[in-house]
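Report on the following structure.
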Amino acid sequence: MKTIRTFLAIPLPSDLARTASRWMAETKSPGDGIKWVPDENLHLTLKFLGEVDNVEIPTVCNTLEAACDDLAPFGLVLEGASGIPDLERPRVLTVAVDDFTSSLTNLVADLEKRFAELGYKPEPRDYRPHLTVGRTRSGSRRANSDVIQRWRKFEDDEIGEFNVREIHVVGSFLEKHGPTYNVLGRVQL
């Protein structure tokens with residue numbers, strides 16, 4: 001059996017991904033200590049499952065489908081620049097997400113329960129919707145102040161609103177240049 005590093009995610013509409021990419025391009029600088037997410041890998045993570053036996057992928061897809069059975073498409077707003085744990089001393093640079101209907105938060109809580117019943121490790125922290133755009137490299141625990149200042153420029157901006165109509169089961173395959181993501185399953189809302 002082969003294992004596949006797997007997660008559940010919402011794909012971004014291309015126009016919103018382009019805006020996020022532009023924000024990253026205006027923030028990046030050589031030696032800034034940030035490992036930036038490649039434009040083609042931008043997504044909203046719902047649940048990271050870790051290494052999943054390839055024969056279990058159909059069960060993962062079916063579990064996601066069951067969780068989405070009664071879920072209608074819902075809106076989200078990609079807001080301004082933010083960070084985790086905060087924008088003062090971020091380890092992760094993010095875009096805040098407004099889950100104004102609570103559909104996303106409720107879905108993630110349901111997924112946590114369903115996947116815990118299948119033996120997957122539950123996330124110990126409360127889910128906070130966000131779009132990850134960069135992480136500090138392993139040598140530094142915090143982003144440097146120049147990067148934070150450039151990222152803060154977008155704090156009061158908004159990328160835009162979209163309707164979530166599809167959720168993906170994604171396999172992450174590590175290559176020399178970084179991870180390549182392949183969609184292993186799709187669930188329509």
Side-chain angles (χ1 to χ4, degrees), residues 4-20 23 37 40-53 56-87 90-135 154-172 179 181-189:
I4 301 171
R5 192 173 167 89
T6 307
F7 60 91
L8 310 177
I10 295 171
L12 290 185
S14 57
D15 58 330
L16 301 185
R18 276 193 301 277
T19 302
W23 287 13
V37 174
E40 65 274 11
N41 288 357
L42 289 171
H43 63 273
L44 298 178
T45 302
L46 305 184
K47 171 109 182 107
F48 179 72
L49 298 172
E51 296 293 333
V52 176
D53 286 336
E56 290 298 317
I57 295 300
T59 301
V60 168
C61 293
N62 291 339
T63 302
L64 175 60
E65 194 164 335
C68 295
D69 266 350
D70 297 325
L71 188 62
F74 59 91
L76 295 174
V77 178
L78 293 181
E79 296 182 318
S82 62
I84 296 174
D86 55 46
L87 202 45
R91 286 187 308 273
V92 182
L93 297 179
T94 64
V95 173
V97 175
D98 182 3
D99 176 22
F100 56 90
T101 65
S102 297
S103 295
L104 177 58
T105 307
N106 292 337
L107 173 61
V108 169
D110 187 31
L111 291 170
E112 284 291 341
K113 185 175 80 60
R114 289 174 189 264
F115 280 96
E117 289 169 1
L118 293 175
Y120 290 91
K121 183 179 176 191
E123 179 60 43
R125 297 176 294 257
D126 287 340
Y127 181 71
R128 186 170 126 198
H130 65 277
L131 169 66
T132 297
V133 296
R135 291 180 169 79
F154 303 107
E155 189 173 10
D156 296 322
D157 293 352
E158 183 178 283
I159 289 182
E161 184 174 347
F162 72 105
N163 282 320
V164 176
R165 300 184 185 285
E166 186 173 73
I167 299 176
H168 293 172
V169 176
V170 181
S172 175
Y181 296 159
N182 290 330
V183 176
L184 305 174
R186 300 171 195 271
V187 173
Q188 303 289 326
L189 304 185

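Applying the side chain to side chain donor-acceptor pair (under 3.5 Å) criterion to Asp110, with sequence neighbours excluded, gives Arg114. Among residues two or more places apart in sequence or in another chain, the side-chain contact (heavy atoms from CB on, under 4.5 Å) test is passed with Pro124 by none. Glu51 pairs by the side-chain contact (heavy atoms from CB on, under 4.5 Å) definition with Thr3, Arg5, not counting sequence neighbours. Contacts of Thr19 classified as side chain to side chain donor-acceptor pair (under 3.5 Å), with partners at least two apart in sequence or in another chain: none. Under the side chain to side chain donor-acceptor pair (under 3.5 Å) criterion, Glu56 pairs with no residue at all, not counting sequence neighbours. By the side-chain contact (heavy atoms from CB on, under 4.5 Å) test, Asp86 pairs with Glu88, Arg89, sequence neighbours left out. Applying the side chain to side chain donor-acceptor pair (under 3.5 Å) rule to Glu155 yields the partners Arg152; only residues at least two apart in sequence or on another chain are considered.
Atoms CZ and CG, from Phe154 and Leu93 in turn, are 11.5 Å apart once rounded to the nearest 0.5 Å. Separating the CG atom in Asp99 from the NE2 atom in His130 is a distance of 13.5 Å, to the nearest 0.5 Å. Lys47 contributes atom NZ, which lies 11.5 Å from atom OG1 of Thr45 (distance to the nearest 0.5 angstrom).
Residues Val52 and Leu49 come closest through the heavy atom pair CG2-CB, 3.9 Å. The two residues Pro85 and Pro90 make their nearest non-hydrogen contact at CD-CA, 4.3 Å. Counting all heavy atoms, side chain and backbone alike, Ala20 lies closest to Leu42 at CB-CD1, 4.0 Å. Minimum heavy-atom separation, Tyr127 to Leu46: OH-CD2, 3.8 Å.
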Enumerate donor-acceptor pairs with a distance under 3.5 Å from any side-chain N or O in residues 59-81 to protein atoms, sequence neighbours excluded.
{"unit_1": "Asn62", "atom_1": "ND2", "unit_2": "Pro58", "atom_2": "O", "d": "3.3"}
{"unit_1": "Thr63", "atom_1": "OG1", "unit_2": "Thr59", "atom_2": "O", "d": "2.8"}

Under 3.5 Å, which donor-acceptor pairs do the side chains of residues 159-170 form with other protein atoms, sequence neighbours left out?
{"unit_1": "Glu166", "atom_1": "OE1", "unit_2": "His168", "atom_2": "NE2", "d": "2.7"}
{"unit_1": "Glu166", "atom_1": "OE2", "unit_2": "Gln188", "atom_2": "NE2", "d": "2.3"}
{"unit_1": "His168", "atom_1": "NE2", "unit_2": "Arg186", "atom_2": "NH1", "d": "3.2"}

For residues 7-15, tabulate all N or O donor-acceptor pairs below 3.5 Å that involve a side-chain atom, not counting sequence neighbours.
none

Practice prompt. Would you check, one step at a time, whether the test side-chain contact (heavy atoms from CB on, under 4.5 Å) holds for Trp23 with Val133?
Written response: CA-CA 9 Å; Trp23 287 13; Val133 296; over 6 Å; no
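Not a single donor-acceptor pair under 3.5 Å links the side chain of Asn41 to the backbone N or O of Val37.
Relative orientation of the His43 and Tyr181 rings is perpendicular, given thresholds of 30° and 60° on the angle between their planes.
Within the structure, salt bridge (charged side-chain N to carboxylate O under 4.0 Å, His left out) contacts touching residues 120-133 (residues at least two apart or in different chains) are Glu123-Arg125.
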